[in-house]
Amino acid sequence: MLISAGSAFERKPSLYKNKDEEDLRDMFLLFLETRYENTSGHGEAFNRKGKTDILLKYAPDGSNIFVAECKVWTGEIGLGAAIDQLLSYLTHRDSKTALMMFVRNKNFNPVLITAETAIKNHPNFLSFTPKTSTSSYGCMFSLPGNEMSKIQLEVMLFHFLD
């Protein structure tokens, strides 16, 4: 669903042109908040060790439904750091997570190749899951310091040229 929304945004430059990471995050957060009943969406919300960019909670019991971090693509090292940051915010109860990368590079295909390599080289990477899109990677990661806890993480890359 977020991949479809991001793909639609890619086709409409007026939605993302001259927008920073926070503005882009808010567009996705608005989409999520209106998509599910009995939920509350939060930007820059505290979860475990820090503030995550998107936190969607189930209103009746306050449990996390979705946790995401948003970043502007800066390369392989930046992707590794973003994965580290997101993993530090997660607990074993966080089952749906995503890292949303906003790519401003003119050439998108080299970014996809670099991203796949960076994901595979991450110390907490366990495996890839079946692909849901040509610019998204489903992955299994272990939590830092808790190798028995497995987290499913979707790394989504969106091509937002300025």
Side-chain angles (χ1 to χ4, degrees), residues 1-11 13 15-29 31-32 42-56 64 66-92 94-147 149-162:
M1 158 194 59
L2 282 178
I3 294 166
S4 296
S7 295
F9 292 158
E10 288 174 333
R11 293 187 298 274
L15 292 175
Y16 65 76
K17 201 150 188 81
N18 300 318
K19 302 275 193 296
D20 62 15
E21 177 189 313
E22 188 175 288
D23 294 329
L24 295 170
R25 177 211 60 209
D26 287 347
M27 290 189 325
F28 282 97
L29 185 57
F31 178 78
L32 284 168
H42 308 275
E44 289 297 321
F46 188 77
N47 198 56
R48 194 169 163 242
K49 288 188 178 180
K51 289 185 177 181
T52 189
D53 286 322
I54 295 175
L55 182 61
L56 194 62
N64 292 351
F66 180 68
V67 181
E69 190 63 26
C70 301
K71 295 288 182 194
V72 173
W73 174 261
T74 59
E76 185 173 352
I77 293 171
L79 176 57
I83 292 170
D84 288 341
Q85 181 180 359
L86 179 57
L87 290 176
S88 77
Y89 298 160
L90 302 176
T91 72
H92 67 281
D94 294 317
S95 59
K96 294 197 187 301
T97 66
L99 177 58
M100 302 166 65
M101 303 295 297
F102 308 131
V103 180
R104 307 250 191 226
N105 299 39
K106 184 177 181 178
N107 296 320
F108 192 57
N109 286 336
V111 171
L112 295 175
I113 294 165
T114 301
E116 185 173 348
T117 301
I119 292 166
K120 280 193 280 193
N121 290 337
H122 192 278
N124 294 87
F125 173 78
L126 298 172
S127 65
F128 284 111
T129 59
K131 282 186 81 103
T132 55
S133 127
T134 58
S135 62
S136 183
Y137 300 92
C139 315
M140 294 301 294
F141 281 85
S142 63
L143 285 177
N146 186 358
E147 288 71 29
S149 288
K150 295 178 183 169
I151 296 291
Q152 185 168 350
L153 169 63
E154 191 77 20
V155 179
M156 298 180 249
L157 293 100
F158 300 105
H159 197 201
F160 293 161
L161 285 173
D162 272 341

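All of these numbers come straight from a predicted model, not from anything done at the bench. Residue numbers start at 1 and run along the sequence shown.
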Inset, instruction - Can you spot which of Leu157, Ile83, Ile119 makes a side-chain contact (heavy atoms from CB on, under 4.5 Å) with Leu99? - result: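 Among Leu157, Ile83, Ile119, the one meeting side-chain contact (heavy atoms from CB on, under 4.5 Å) with Leu99 is Ile83.
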Is a side-chain N or O of [X] found less than 3.5 angstrom from the main chain of [Y], in a donor-acceptor match?
X      : Y      : answer
Asn105 : Phe108 : no
Thr129 : Gly138 : yes
Ser127 : Met140 : no
Tyr137 : Leu112 : yes
Glu154 : Ala98  : no

Legend entry - Qualifying salt bridge (Lys or Arg N to Asp or Glu O under 4.0 Å) pairs with a residue from residues 99-108, counting only residues at least two apart or across chains: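 Output for this query lists Arg104-Asp162.
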Inset, instruction - Quick one: which residue pairs count as a salt bridge (Lys or Arg N to Asp or Glu O under 4.0 Å) with a foot in residues 130-146, not counting sequence neighbours? - result: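 The answer is none; no pair qualifies.
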Under 3.5 Å, which donor-acceptor pairs link side chains of residues 72-80 to any protein atom two or more places apart or in another chain?
none

Taking only residues two or more places apart in sequence, or in another chain, which ones meet [X] in a side-chain contact (heavy atoms from CB on, under 4.5 Å)?
X      : result
Thr134 : none
Ser142 : Asn124, Leu126, Glu147
Leu2   : Phe28, Phe31, Leu32, Phe66, Met100, Met156

Could you tell me the separation between the [atom1] atom of [X] and the [atom2] atom of [Y], rounded to the nearest 0.5 Å?
X      : Y      : atom1 : atom2 : value
Lys96  : Ile151 : NZ    : CD1   : 12.0 Å
Asp53  : Cys70  : CG    : SG    : 4.5 Å
Gln152 : Leu90  : CD    : CG    : 12.5 Å
Met101 : Glu21  : CE    : CD    : 9.0 Å

Legend entry - Greater than 12 external heavy atoms within 6.0 Å of Lys19's NZ: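 More than 12 heavy atoms, drawn from other residues, nucleotides or ligands, come within 6.0 Å of this atom.
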Legend entry - Any Thr97 side-chain heavy atom under 4.5 Å of Glu69 side chain: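 Not in contact.
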Inset, instruction - Step through it carefully: locate the ring centre of Phe102, locate the ring centre of Phe160, and say whether they are under 6.0 Å apart. - result: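 So the answer is yes for these two rings.
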